[in-house]
Every structure is written in structure tokens, then in C-alpha cells.
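Everything below concerns the one structure shown next.
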Amino acid sequence: MSKKKAKNRKATNPKNRNSNYTMDAFTNTLARLGFGTPNLLESTEYPMTRLTQDYNLMNSLYRSHWIIRKIIDCIPEDMCKNWINITTQLEPEQIKRFDKLQRTTRIKKSILQALKWGRLYGGAGAVVIIEGHENILDEPLDYDSIMPGAFKGLIVSDRWSGLFPSSEIIDNISSPDFGLPKYYQWFLESGDSIKVHHSRVLRFTGRELPYLERYAENNWGASEVEVVFDELKKRDNTSWNIAQLIFLANLRVYKMSDLGEMLAIGDEKSKIELYNVLSMQNQLMNNMGMCVMNKEDDFQTHQYTFAGLNDIYQSFMLDISGAAEIPVTKLFGRSPAGLSATGESDMQNYYDLIDQKQESQLGPIFDKMLPIMFMSEFGYIPDDLDWTFNPIANQSEDELANIVDKKTNAIINVVNAGIISQKTALKELKQMSDTTGMFTNITDEDIAKADDDLDTIGDMPLPNEENILNLNDDI
């Protein structure tokens, strides 16, 4: 290797951060400030720990630490709380059949469990169980081969105890799973292992990682514990230190004359007698509030002040909350602090986060699973198969009635003004059902039969209070 290449390699090596090749950094050598100077800040390093790979640590924290357990469970439970709404045109009887299929196969429970294990261990998977496919699990899933009633649910396994990705990667760029493992080795409780094609596996990963780190984690993600671990140690140590200070809240000091001389020149018997006297005095004080001493002796108490400790403790709580992406009010059960604080903005930000995680993590899961369930239950996949997540925040009936009142008034006003037709108005009302839960019985046939001529539109009555109350019966 030439000297020039060796020099360039040394300059670009991140380990040589104190080298002379750094071009743009502040340094004051005399004041020991800035890059490369001997000060406390410059000694800071961030070594690669990869705590996700410490399986025993993950288990210990999840079983014994209530904060970790809540961090792992809280977001998945809110993601699955209000579930999904199938927007495909189905008859009421078909909707009941599909709801029963979800209930009997415990789909919601399985997905919730997989989400939790994915967050705890950095990765988990669920194998789709289809009756009659036991011997062809290594083959791509063909929807036409799914017989009526063949879908039996999901079997969840975490990355360490059941599901191991293969080194073979999907190279089909048109596949939604491009770049992910093509097969998984599925280890059963009996000790046997089965090769499973990726089309039969639902993936649940933790925090996303860059390519090389994802490769180091065997194509899984990072555990949520790894992100909050340092903040958790700060909080726990602070909490335990505050608990220890409680024992020092009231120090009692007994000053005895000639104590030093007595301990220095006294025999063993004198020391035992002194110890017995002090023990008896301590018992008298505890039981009767009395302390007997010589006239020359002195007794004092010193009380410890806890001012400022609560502020420090709450600061560490805020750090954990920020790392976990969960508001303090929800993670620790604290009421909002400050004048006129309601916590609504915090919860709104949290609900936005849940929306984002639903779309990015659960969206691909349902896109992969729903066609299988429809083929098993109905024998076909509807051309208009689609679904949406139900709103996370539950609205009261008064709030919902107010929203419906304003939206329906707005639609009726533009209809009466001749801007849109009745057909368009029905479409708007049906679209509104996604957020309000009302007007769900408007079908595509009703919309097709509606008048689409702006010239023949008659005045539609504005909803009064009685009409709105009637509409609320549909909720």
C-alpha cells in the first residue's frame, strides 16, 4: 500500500479522531476546550453495546420491572385497541361471519402478542396456519389452494425461541418483501424444525436499524429496551438513592465526654458495658421517648432536607418518557403539571404516533393476512377489498353528535346551493362514516340510484335537533 493511501485511510478512520487531519473543529488548548483537548466532555464515548442480543436481560427486565413492561405493552395495546374496519361492500351476514372468524381464530390476541415480542426482543414472527398445508410450508402460498374454513389462525414465535431467518434474500424488486429473508426455520416445541416460505410468515420488528446493523441482528430490529436502558438506569439509581435518604432523614447524635479515652484504654469488659448502656438508651428512646445521660453529655438531632430531589427525579422520568415515545401522563400515570394543563396536546401527539406505527407496522400485516382470511371464509377475494384503522381516541356521544351536525349541515348547504348533486352528497356521507360511524348503511346501489342532475335537485331540509337525535341512533 502506498504512503498516500495509508495516510488517507488514517485520516478517514473514525478511531483517529484526535489526528491532525481534522479540518473544521474548535480547539483552545490552554483553556482545555474543544476538540482533542483533555476535558471531561471530550472523554465521552458511545461504544456499541447491542443490548438487544442479551436475551436474559430482556426477560429479566420484562418480568421484574414495571416501567419496561409498560413501555413494551402500552403502544401495541393502543395500536390494537379499536382494531380495523373492513370498507369492502359486504352484506350484514357476511360481516358477522368475518367477525366470528376473527374471534374464533384469536387474531387480535395473536397480533398483539407478536407486536409485544417484536418490541421486547427486536423481532418476532407469526406463521399463518392453513389446514392441509402442513407438508408444503416451504412453498409460496397460493390463494387458490386455500380451502373453505382452512384458516386456523397464527402461531407466534420470537426471534430467539422459534423463528430464524435464512441467509437467502428475496431479490424480486417488485415484491413488498424485497431485501428480506426468503425462508424461515421454524422450531417447534417438539424440537423439530420446518422450513417456511416468507409468504406464510408475518414479520414484527422492533426499532428499525441501518443495513449493516440489521445484518448484525440477523435481519431483525433493535429492542425498545436498548433505547431506554441508559435512562432507566439513571431513574432507578435516583429512586433507590432517594429511598435510602429516608433512613437518614433524622440523624441523632449523642456526645459523650471521655468516649475516646474509654475506647482507647478500656478493657473488653468496659467496652461491652458501654455498648449495653447505649443499647438500653436507644430502647428507652424508641419506646418511651426518653434519653438518660450525664450532665456533661449532649444529645442533638439533625434533619435532612429533601428540597430539589423531586425535580431531579421528574427530569429522569421525562427522559424515559421521551426515549419510550410515551407521554409521562400515560407511562407513569401522572396528572398533567402546570396551570391550565390538560395533557390534551401530549395525548394528541401520542395518538399521531400510534397512527404512524399502525400504518408502518400493522398495515403490511393486514394486507398480507386479510386475503387469506377472505379466501378461507368466502372462497374469493373481493376486488374492492380494503380496510382502515378505527380512530384511536374514543369520542363521547355529545362530541360525535356535534361533529355529525356540522358535517351534514355543510353537505346539505352545498347541495341546496346546487354545487353538488344528491349522488355526490351520498358519497360524502358514506365517506364520513369512516370517522363518525354513521351512514354506514348507504350502499353503492343507493349511490348509483341517486339523482346526479344538478338542475333537478330540490331543497333538502336542514337537520334540526330532532333529526340529529335520530341520526345518533345509528351510532
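Note that the structure is predicted; figures quoted are calculated from it, not measured. All heavy atoms count here, side chains included; hydrogens, waters and symmetry mates do not.
Residues meeting the ring pair (Phe, Tyr, Trp, His ring centres under 6.0 Å) test with Trp240, sequence neighbours left out: none. Evaluation of the side chain to side chain contact (heavy atoms under 4.5 Å, CB included) rule for Pro364 yields no partner, not counting sequence neighbours. Ser60 pairs by the side chain to side chain contact (heavy atoms under 4.5 Å, CB included) definition with Ser64, not counting sequence neighbours. Partners of Ser193 according to the side-chain hydrogen bond (donor to acceptor under 3.5 Å, both in side chains) rule, which considers only residues two or more places apart in sequence or in another chain, are Gln185. Partners of Arg235 under the side chain to side chain contact (heavy atoms under 4.5 Å, CB included) rule, at least two apart in sequence or in another chain, are His65, Trp66, Ile67, Ser239, Tyr313, Phe316, Ile320. Under the side chain to side chain contact (heavy atoms under 4.5 Å, CB included) criterion, Lys96 pairs with Glu93, sequence neighbours left out.
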Under the criterion salt bridge (charged side-chain N to carboxylate O under 4.0 Å, His left out), I'd like the reasoning laid out for Asp230 against Lys233: C-alpha separation, chi angles, the key distance, then a yes or no. CA-CA 5 Å; Asp230 289 337; Lys233 289 192 294 184; 3.7 Å; yes

Could you check Thr49 against Phe229 for side chain to side chain contact (heavy atoms under 4.5 Å, CB included), going step by step and ending with a plain yes or no? CA-CA 11 Å; Thr49 57; Phe229 189 66; over 6 Å; no

I'd like to know whether Asp405 forms a side chain to side chain donor-acceptor pair (under 3.5 Å) with Asn409, so could you lay out the CA-CA distance, the side-chain angles of the two residues, the decisive distance to 0.1 Å, and finally the verdict. CA-CA 6 Å; Asp405 185 13; Asn409 269 322; 2.8 Å; yes

Please determine whether side chain to side chain donor-acceptor pair (under 3.5 Å) holds for the pair Gln356 and Asp352, giving the CA-CA distance in whole Å, both sets of side-chain angles, and the decisive distance to 0.1 Å. CA-CA 6 Å; Gln356 182 270 326; Asp352 292 341; over 6 Å; no

Quick one, Thr329 with Met347, criterion side chain to side chain contact (heavy atoms under 4.5 Å, CB included). Give me CA distance, side-chain angles, the key distance, then yes/no. CA-CA 9 Å; Thr329 53; Met347 292 309 299; 4.1 Å; yes

Give the intermediate values and the outcome of side chain to side chain contact (heavy atoms under 4.5 Å, CB included) for residues Trp83 and Gln102. CA-CA 11 Å; Trp83 207 230; Gln102 295 186 83; 2.5 Å; yes

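A donor-acceptor contact shorter than 3.5 Å is absent between the side chain of Lys182 and the backbone of Asp171. Looking only at distances, a side-chain donor or acceptor of Asp446 sits under 3.5 Å from a matching main-chain atom of Thr443. Checking side-chain atoms of Ser321 against main-chain N and O of Met317 turns up no donor-acceptor pair under 3.5 Å. A donor-acceptor pair under 3.5 Å is absent between the side-chain atoms of Arg207 and the main chain of Ala222, judged by distance alone. A donor-acceptor distance shorter than 3.5 angstrom exists from the side chain of Arg159 to the backbone of Tyr121, with no hydrogens or angles considered. Ser223 places no side-chain N or O within 3.5 Å of a backbone atom of Gly122 that could act as its donor or acceptor partner. Of the possible donor and acceptor atoms, none in the side chain of Thr88 sits under 3.5 Å from a partner among the backbone N and O of Leu90. Of the possible donor and acceptor atoms, none in the side chain of Lys195 sits under 3.5 Å from a partner among the backbone N and O of Asp138. Remark: the backbone N or O of Leu141 is not paired with any side-chain donor or acceptor of His133 at under 3.5 angstrom. Between the side chain of Lys109 and the main chain of Arg103, no donor-acceptor pair closer than 3.5 Å is present.
Atom CD of Glu189 sits in a sparse spot, with 12 or fewer heavy atoms from other residues, nucleotides or ligands closer than 6.0 Å. Other residues, nucleotides and ligands place no more than 12 heavy atoms under 6.0 Å from the NZ atom of Lys100. Atom OH of Tyr215 is surrounded by 12 or fewer heavy atoms from other residues, nucleotides or ligands within 6.0 Å. Within a 6.0 Å radius of CG in Asp384, other residues, nucleotides and ligands contribute more than 12 heavy atoms. Around the CG atom of Leu40, the shell of radius 6.0 Å holds no more than 12 heavy atoms that belong to other residues, nucleotides or ligands.
For Lys330 and Asp78, the salt-bridge test passes: some basic side-chain N is under 4.0 Å from an acidic carboxylate O. Here Arg214 does not pair with Glu208 in a salt bridge; the nearest charged N to carboxylate O distance is not below 4.0 Å.
Ring to ring, His198 and Tyr183 are not that close: their centroids are 6.0 angstrom or more apart.
Within the model, atoms NZ of Lys430 and CD1 of Ile442 stand 7.0 Å from one another, a figure rounded to the nearest 0.5 Å. Between the CG atom in Asp386 and the OG1 atom in Thr87 there is a gap of 4.0 Å [rounded to 0.5 Å]. Separation of atoms CG (Leu429) and CE (Met432) is listed at 5.0 Å; rounding is to 0.5 Å. How far OG of Ser157 is from CZ of Phe204: 11.5 Å, rounded to the nearest 0.5 Å. Atoms CD1 and CG, on Ile169 and Asn172 in that order, are 13.5 Å from each other to the nearest 0.5 Å. The CG atom of Leu331 sits 10.5 Å away from atom CG of Leu318, with the distance rounded to the nearest 0.5 Å.
Residues Leu115 and Ile75 are not in side-chain contact: their nearest non-hydrogen atoms beyond the backbone lie 4.5 Å or more apart. In this structure, the side chains of Gln113 and Lys116 stay at 4.5 Å or more apart for every pair of heavy atoms. Annotation: side chain of Asp73 is in contact with side chain of Tyr62 (closest heavy-atom distance under 4.5 Å). Within the 4.5 Å cutoff, the side chain of Glu213 has heavy atoms near those of the Met48 side chain. Between Leu163 and Val127 the shortest side-chain heavy-atom distance falls below 4.5 Å. At least one side-chain heavy atom of Ile107 sits under 4.5 Å from a side-chain heavy atom of Phe151. Here the side chains of Ile194 and Glu134 are not in contact, with every heavy-atom distance at 4.5 Å or above. Ile326 places none of its side-chain heavy atoms less than 4.5 Å from the side chain of Lys70.
When all heavy atoms of Ala124 and Ala114 are compared, the pair lying nearest together is CB-O, 3.7 Å. Between Ala323 and Val227, the shortest heavy-atom distance links the atoms O-CG1, 3.9 Å. In plain terms, the two heavy atoms of Trp387 and Ile86 that are nearest each other are CB-CD1, 4.0 Å. Scanning both residues, Met79 and Lys357, for their nearest heavy atoms gives CE-O, 3.6 Å. Residues Thr52 and Gly221 come closest through the heavy atom pair CG2-O, 4.0 Å. The shortest non-hydrogen separation linking Ile136 to Arg200 is O-NH2, 3.3 Å.
No side-chain N or O of Asn241 forms a donor-acceptor pair with one of Thr238 less than 3.5 Å apart.
Relative ring orientation between Phe98 and Phe378 is described as parallel, the plane-to-plane angle staying below 30° on a 0-90° scale split at 30° and 60°.
Judged by the 6.0 Å distance and 45° axis criteria, Arg203 is positioned over the aromatic ring of Trp220.
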